[in-house]
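Heads up, the thing below is written out as structure tokens.
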Amino acid sequence: MTTDKTIQNSADYLDIESQQEYLQSTGSWLIDKAKSMGAIETELALSKDIGLSVEVRNRSVDTIEYNQDNNFAITVYFGKNKGTAGTSDLSRESLQDTLNAACQIAKYTQPDPHNGLADANLMAKEKVDLDLDHPIGITADKAIEIAIECESAGLDYSDKISLSEGAGFSSHRNLRYYANSHGFYAVTPSTIHSLSCSLIAKDAKGMQRDSWYSLNRKQSLMESSKTVGVNAAQKVLKRLDSKKIGTRKCPVLMIPEVSRGLIQHFCSAIQGSSLYRQSSFLLNSLGNKVFPEFLSFYEEPLLPSGLASTWYDNEGIATRSQYILQQGKVNTYLLNSYSARRLGLEPGGHGGGVHNLKVLFNDGESEQNFETLVKTMNSGLIVTSVMGQGVNLVTGDYSRGASGFWVENGQIQHFVEEITIAGNLNEMFANLVAVGNDYDYRSSYMTGSWLLENMTIAGN
Amino acid sequence: MTNYLDSVQKVFFQSSDLELKDLQNSIDVMMGHQIDFAELFFQSTFHESWIIESGIVKDASFSRDKGVGVRALSEEKTGFAYSEELDKYNLLRSAEAAASIASRGQDRQIKIGKAVQAVPLYVNENPLESLTDSQKISLLQKVDKLARNKDVRIKEVIASVSAVYDQIMVVASDGTLAGDIRPLVRIGLTVIMTSNGRTERGSAGLGGRYTYSNFDDAVLEDLVCKAVEQASINMEAIDAPAGMMPVILGNGWPGVLLHEAVGHGLEGDFNRKGTSAFSNKIGQKVASDICTIVDDGTLSSRRGSLTIDDEGTLSNTTVLIEKGILKGYMQDKKNARLMNTSTTGNGRRESYACLPLPRMTNTYMLSGDHEPDEIIKSVKKGIYAPNFGGGQVDITSGKFVFSTTEAYLIENGEIKSPVKGATLIGSGPEVLHKVSMVGNDMSIDPGVGICGKAGQSVPVGVGQPTLKVDEMIVGGTS
């Protein structure tokens, strides 16, 4: 039996060398097996995740979780018939069973001329070290100490902070393996560390909760536990003393946590599957102007330590830096090889989506900070959070619950909740007035705040 | 009465070196620490899905997952570890890791009890095997053809069937020894309709704890009609109104209102921590007199039903609100113990790799006295919403949203033009006070609900009769 100590130390322990060897030999064994069973093409994806998460509440430990997740998926093509199967059990016996299951499915699925691996000549050739793997070998005790320090900074910040929902620290290490029968394979280790704090403040009108978090591949680049706790406290205090507002049309200023949602809707709408299913409000939009000319989205898959950085997409295709949106115009759809074949276009390394996207203003960073945007808006609503799933990507209709701050004469007046904001994404995109330089780098969609002309606010 | 212990034990002990005494031993190892409660949750899951799009079943997937989750509780603290490998070494290793939440104390031996006996609420068949693979394809092709033949404006049909076969076993230091076998199937359909340059979507779905054999011709016809009708209604939809107005919610799936407005806020964990807008409100009036709401895991074959929950507790009917008065919370073992009450059979987890939490099963409001027609006639100007997408709630502020996928204007007591999808927002502790009429047509949703909490998804059901909320904010644009 193992002792506590080695278990704690193993929270992010992966013997990369031996894992790499094992994965490669197992991978080629499976690809050979599949071939001997009649598969003309095969691909494998495996992810091993190992980590530690602790949660503290009221300055003492609440939960310690040791995570250890395995995910394996295999896809086989018999001619143009496809079968996919997956398992969490990585023993050879189980992998063989999984391969059998995939082959069995391929016997029944119907042929699709667009099925198959991405073309061999598109496979990424140059391995790039993207500086993604920074394990810290943290013990549960140390993680608890960080989380308690964070929560205490928040709780001690003000008497109005009445309760804590908890502070959590987690550190995860992942090993991603991909191989296909073109001979392409890659093993990528990476880490992600996060610290979060969620606090509750109370006044006569009731309770409010808000949170802050820091997230990075390198622990050294995370915000201090004190900063995370204090930011959570400052954020929740601002939610006190809300006032209602009535139904109206007015400008809206979305902070990055909200504005990046609009970019995600844009990306979903130009994704291959939405297009060939005729399920997008941006059908036939390639080359069309959907945003003002000042706006561009630049994809940087090779950004060192980036949250979505990778030199190959989930089909092994080489990724590259490129404009997704250039001067307001759709520069490329987001296609994997299947959707590219269906649409008669080339795939652009977007299997698995877009890999780091940065919002540019006139091809650089905007010079307007958040305060300037508030002044520019003059009167309107700052939206700090949205709720619900009221986005229809077929029509672009957008209607969501919201909360934020009412602004008059360039000054923040009070917190507002229990309202909705509504419009149509096509019009909202066209009505973008300005973007800020208050980039939030805690997401692979990197943007500042967005100021939008007229949206409908429903209140009382 | 029966228990599935023998059959599920075979699943977990087969091709492993484990026996029941090793489980006992792992529990003892944990209880040797300053631990109040120790638990092992074994799970084996088979999952498959088959999809048709553009007229062909080009893709299908199958997955297998198996493992054990090990939990140790010490007062308010929880230690948790899990393993995908079912053997003595990994079980003990996980037990030591979970128990590290508390320091080592006296050795203690706990006796695991007799198997929990229950009346199964659903069949124990493997739904993946209820049709052959070619029959699954024929079924999807039938749906595709039915939909395309229904309306020439349909440009794309996406349909899927999926099945889960779950086998679980729970062993715990409180004597629990229980097993369950859970089938779950679902069929979903989305149609895309285009006409005169306008494109709209219609969706429908249904399912439950049964097998594919329930998807007979009548069921498929009904599914197709609903999706196609929704798309053609949306073709005519005008902008939804914006502002505060009376809202009539249809019966069945619109019960998502209850799930968001009160359900989550009545889960034990939030109330133990005092973070819910409903904390410390037991015995208080939280709804109008005509509202009685229950959470009921005991409905036969429903999507949210459980013979036993994921902690081995027999499923229950829990009265949450009776005639407007808050009666109780939904509890799992941990929160019940810390709040000095009993579990209500609401301890649920997404899988062995997740901690159990108090979760809803099937949450619904009981029927009232009014005819649905009468309720609609009572509104001068408002909206009628018979179908919804999902919702969300902030349990602390109590604010919740849910979004219509089918809604109409009501003018002078009559249903008029359909309106585009809009989000409705309200405050949980306030909205049920504004329920002024409750219909006599309670129904449970067709079986498509997925509830997310703390990153874990579990299948749930909702239901309600037609009901009138005197005022709610409707998030349209006009």
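Sequence lines set the chain letters: A, B, ... in the order given, protein chains first and strands last, and positions in each chain run from 1.
- Taking all atoms of both residues into account, the shortest heavy-atom contact from A/S399 to B/G421 is CB-O, 4.3 Å.
- If you measure heavy-atom distances from B/F402 to chain A, you find no contacts under 4.5 Å at all.
- Between A/T84 and B/F62, the closest side-chain pair of non-hydrogen atoms is not below 4.5 Å.
- For B/T78, the parts lying under 4.5 angstrom from a heavy atom of chain A are both the backbone and the side chain.
- Put simply, of B/I52, B/T194, B/I101, B/T45, the one with the most heavy-atom pairs under 4.5 Å next to chain A is B/I101.
- Both the backbone and the side chain of B/I56 come within less than 4.5 Å of a heavy atom of chain A.
- A/K249 touches chain B through its side chain: at least one heavy atom from C-beta onward sits under 4.5 Å away, while N, CA, C and O do not.
- Contact count versus chain B (heavy atoms, under 4.5 Å) is highest, among A/N392, A/N460, A/T395, for A/N392.
- Checked by atom type, the side-chain pair A/R239/B/S397 shows no donor-acceptor distance below 3.5 Å.
- Closest of all the heavy-atom pairs between A/S279 and B/I158 is OG-CD1, 4.5 Å.
- For chain A, the nearby part of B/Y352 is the side chain; its heavy atoms alone come within less than 4.5 Å.
- Taken to the nearest 0.5 Å, the OG atom of B/S61 stands 13.5 Å off from the CD1 atom of A/I74.
- Minimum heavy-atom separation, B/G243 to A/A458: N-CB, 3.5 Å.
- The main-chain N or O of A/N70 is found under 3.5 Å from a side-chain atom of B/E84 such that the two form a donor-acceptor pair.
- Within the 4.5 angstrom heavy-atom criterion, no atom of B/E471 approaches chain A.
- For the pair A/Q110 (side chain) and B/V57 (backbone), a donor-acceptor distance under 3.5 Å is present.
- With a 4.5 angstrom heavy-atom cutoff, A/N115 touches chain B only via side-chain atoms.
- A distance-only check finds no donor-acceptor pair linking the side chain of A/Y108 to the backbone of B/I137 [under 3.5 Å].
- Looking only at heavy-atom pairs under 4.5 Å with chain A, the residue among B/K155, B/M244, B/R198, B/K88 that has the most is B/M244.
- Side-chain atoms of A/K107 do not come within 3.5 Å of backbone N or O of B/D133 as any donor-acceptor pair.
- Of the residues considered (B/T199, B/I395, B/D394, B/V157), B/D394 shows the highest number of contacts with chain A, using heavy-atom pairs under 4.5 Å.
- The two residues A/A422 and B/G476 come nearest to each other via the heavy atoms CB-O, 3.4 Å.
- Contact annotation for A/R57: only side-chain heavy atoms (C-beta onward) come within less than 4.5 Å of a heavy atom of chain B.
- Shown here is B/E75, whose CD atom has no more than 12 heavy atoms of other residues, nucleotides or ligands within 6.0 Å.
- Using modelled atom types and a 3.5 Å distance limit, the side chains of A/Y276 and B/E53 yield a donor-acceptor pair.
- For A/T109, the parts lying near chain B are the backbone and the side chain together; criterion is any non-hydrogen pair under 4.5 Å.
- Neither the backbone nor the side chain of A/A106 comes within contact range of chain B, judged by heavy atoms closer than 4.5 Å.
- Remark: A/Y66 OH to B/S100 OG distance equals 4.0 Å, nearest 0.5 Å.
- Ranked by heavy-atom pairs under 4.5 Å with chain A, the first of B/V401, B/T477, B/V393 is B/T477.
- Taken from OG1 in A/T247 to CD1 in B/I473, the straight-line distance is 7.0 Å, to the nearest 0.5 Å.
- Counting heavy-atom pairs under 4.5 Å between each of A/E65, A/R277, A/K202, A/E165 and chain B puts A/R277 at the top.
- The candidate from A/E417, A/M455, A/E93 with the greatest count of non-hydrogen atom pairs under 4.5 Å with chain B is A/E417.
- Heavy atoms of B/E156 lying under 4.5 Å from chain A belong exclusively to its side chain.
- Within the 4.5 angstrom heavy-atom criterion, only backbone atoms of B/S276 (N, CA, C, O) approach chain A.
- For B/A277, the part sitting under 4.5 Å from any heavy atom of chain A is the backbone (N, CA, C, O) and nothing else.
- Using modelled atom types, no side-chain atom of A/T420 and backbone atom of B/T423 make a donor-acceptor pair closer than 3.5 Å.
- Residue contact with chain B, scored on non-hydrogen atoms closer than 4.5 Å, involves the side chain of A/D397 exclusively.
- With a threshold of 4.5 angstrom between heavy atoms, A/I421 does not approach chain B through any atom at all.
- There is no contact between B/L86 and chain A, counting heavy-atom distances below 4.5 Å.
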Item to complete: Evaluate the side-chain hydrogen bond (donor to acceptor under 3.5 Å, both in side chains) criterion for residues A/R342 and B/S54: first the C-alpha distance (whole Å), next the side-chain angles of each, then the deciding distance (0.1 Å), finally the verdict.
Response: CA-CA 11 Å; A/R342 278 199 64 165; B/S54 310; 2.7 Å; yes
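- Options B/E200, B/Q392, B/K77, B/K58 differ in how many heavy-atom pairs under 4.5 Å they form with chain A, and the most are formed by B/K58.
- For a residue to count as touching a neighbouring chain, one of its non-hydrogen atoms must lie under 4.5 Å from one of that chain's; by this rule B/Q141 touches chain A with the side chain only.
- For the atom pair CD (B/E85) and CG (A/D89), the distance works out to 7.0 Å, reported to the nearest 0.5 Å.
- For A/N71, no part sits under 4.5 Å from any heavy atom of chain B, backbone or side chain.
- Between the A/T87 side chain and the B/R64 main chain, a donor and an acceptor come within less than 3.5 Å of each other.
- Residue contact with chain B, scored on non-hydrogen atoms closer than 4.5 Å, involves the side chain of A/Y338 exclusively.
- Here the CZ-CD distance, from B/R201 to A/Q278, works out to 14.0 Å after rounding to the nearest 0.5 Å.
- Only the side chain of B/K420 comes within less than 4.5 Å of a heavy atom in chain A; its backbone stays farther off.
- The minimum heavy-atom distance linking B/A60 with A/I105 is given by the pair CB-CG2, 3.5 Å.
- B/I425 places none of its side-chain heavy atoms less than 4.5 Å from the side chain of A/I419.
- Considering CE of A/M207 and OG1 of B/T275, their distance stands at 6.5 Å, rounded to 0.5 Å.
- Top candidate by heavy-atom pairs under 4.5 Å with chain A, chosen from B/A353, B/S478, B/G274, is B/G274.
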